[in-house]
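The first residue of the sequence shown is numbered 1, and numbering continues consecutively from there.
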Amino acid sequence: LRLDPDDAETLCRLGECAYGQGNLDEAIVWWNQARQTDPTAADVHAHLGEVYARKRDREKALPELSEAARLDPESVGAEQMIWQGYAALHEIPLAVEHLEKFVALARKEGAHIHVAHISTAAALKAVRRGKKDRVRVTCEVTPHHFTLLDRDVRDYDTRFKMNPPLREQPYVAALRAALDDGTIDSI
């Protein structure tokens with residue numbers, strides 16, 4: 001395997017490998033190099049935005065996510081990372097806005113999308129709307145999101161730290177209703 005250090009796609013793949021192995025700092029190094037090589041690559045900005053969001057660095061995440069959306073508003077892959085980045089930052093309105101866009105792009109491209117760890121009523125609405133419009137969209141919920149409430153962990157026990165976080169009763173009720181009506185495809 002021969003790597004070209006001046007090729008943004010190669011650098012981006014190296015970042016993806018590091019990210020997949022859980023090495024976020026190394027992924028950031030590779031993606032920053034890819035961005036320097038090709039500042040117009042939306043997926044590179046989306047990768048950086050998502051990883052900064054996972055590291056809870058709002059100041060770096062938000063501009064990268066915005067730039068990714070500006071550079072390629074039609075990219076299904078970039079849109080998925082943008083949506084996940086906003087969700088990681090707990091920016092629910094922005095996350096839902098981009099989830100709706102993700103569903104719309106899937107409709108346009110005929111793609112299948114899967115929404116992992118759904119936890120809000122607004123996200124469920126986007127999935128329901130997509131399913132109603134015959135978009136190939138599936139979603140899952142984790143058991144703790146439909147059984148525990150945010151108030152159950154008020155003592156800030158780190159064993160209950162998760163992303164997305166636990167929610168209030170109305171969100172839990174919406175998740176249970178979505179399980180009952182078949183909107184949620186898997187647990």
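- Atoms CZ and NE2, on Arg35 and His47 in that order, are 13.5 Å from each other to the nearest 0.5 Å.
- His112 has its side chain out of reach of Val137: every pair of non-hydrogen atoms, C-beta onward, lies at least 4.5 Å apart.
- Tracing side-chain contacts under 4.5 Å through hydrophobic residues (I, L, V, M, F, W, Y), one reaches Leu99 starting from Val141; they form part of the same cluster.
- Nearest heavy atom pair, residue Ala174 against residue Leu124, reads O-CD1, 3.5 Å.
- In this structure, Arg176 places its CZ atom where more than 12 heavy-atom neighbours from other residues, nucleotides or ligands lie under 6.0 Å away.
- Here the CD1 atom belonging to Ile92 is positioned 6.5 Å from the OG atom belonging to Ser119, to the nearest 0.5 angstrom.
- When all heavy atoms of Ala122 and Val96 are compared, the pair lying nearest together is CB-CG2, 3.6 Å.
- Contact check for Glu26 versus Gln21: no side-chain heavy atoms found under the 4.5 Å cut-off.
- We find the CG-CD1 distance between Leu179 and Ile184 to be 4.0 Å, quoted to the nearest 0.5 Å.
- Taking 4.5 Å as the limit, some side-chain heavy atom of Arg128 sits within range of a side-chain heavy atom of Asp181.
- In this structure the side chain of His45 reaches within 4.5 angstrom of the side chain of Leu71, judged on heavy atoms.
- For Gln169, the CD atom counts as densely surrounded, since its 6.0 Å shell holds more than 12 non-hydrogen atoms of other residues, nucleotides or ligands.
- The distance from the CZ atom of Arg136 to the CZ atom of Arg107 is 13.5 Å, given to the nearest 0.5 Å.
- Asp57 CG to Leu24 CG: the interatomic distance, rounded to the nearest 0.5 Å, is 12.0 Å.
- The existence of a salt bridge linking Glu97 and Lys101 is excluded, since no basic side-chain nitrogen approaches an acidic carboxylate oxygen closer than 4.0 Å.
- Looking at heavy atoms from C-beta onward, Glu100 lies in side-chain contact with Arg129 at the 4.5 angstrom threshold.
- A side-chain donor-acceptor contact under 3.5 Å links Lys131 to the backbone of Thr183.
- Looking at Arg54 and Glu50, a side-chain N of the basic residue comes within less than 4.0 Å of a carboxylate O on the acidic one, giving a salt bridge.
- Nearest approach of Leu149 to Leu166, heavy atoms of both residues: O-CD1, 3.7 Å.
- For the atom pair CD of Glu67 and OG1 of Thr40, the computed distance is 9.5 Å after rounding to the nearest 0.5 Å.
- Considering only heavy atoms from C-beta on, Glu74 comes within 4.5 Å of Leu105 through its side chain.
- Between the Asp133 side chain and the Val135 main chain, no donor and acceptor come within less than 3.5 Å of each other.
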Inset, instruction - Please assess Thr138 against His114 for the test side-chain hydrogen bond (donor to acceptor under 3.5 Å, both in side chains), listing each intermediate value before the final yes or no. - result: CA-CA 5 Å; Thr138 56; His114 181 74; 2.7 Å; yes

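- Using a 30° and 60° split on the angle between ring planes, Trp31 and Tyr19 fall in the tilted class, from 30° to 60°.
- A salt bridge does not link Arg151 with Glu168: every distance from a Lys NZ or Arg NE/NH1/NH2 to an Asp or Glu carboxylate oxygen is 4.0 Å or more.
- Between Gly130 and Val103, the closest heavy-atom pair is CA-CG1, 3.7 Å.
- Here the shortest heavy-atom pairing between His98 and Ile82 reads ND1-CG2, 3.4 Å.
- When hydrophobic clusters are built by joining Ile, Leu, Val, Met, Phe, Trp and Tyr residues whose side-chain heavy atoms come closer than 4.5 Å, directly or via intermediates, Ile28 is not grouped with Leu11.
- Contact check on Arg13 versus Glu16 returns no salt bridge, with no Lys/Arg side-chain nitrogen under 4.0 Å from an Asp/Glu carboxylate oxygen.
- In this structure, a donor-acceptor pair under 3.5 Å is present between the side chains of Thr142 and His145.
- One hydrophobic cluster holds both Val44 and Val51 under the rule that ILVMFWY side chains link at heavy-atom gaps under 4.5 Å.
- A pairwise comparison of heavy atoms in Ala18 and Ala27 identifies CB-N, 3.6 Å as the closest pair.
- Heavy-atom neighbours of Tyr171 OH from other residues, nucleotides or ligands within 6.0 Å: at or below the threshold of 12.
- Using a 4.5 Å cut-off between side-chain heavy atoms of Ile, Leu, Val, Met, Phe, Trp and Tyr, with links allowed through other members, Val172 and Ile187 fall into different hydrophobic clusters.
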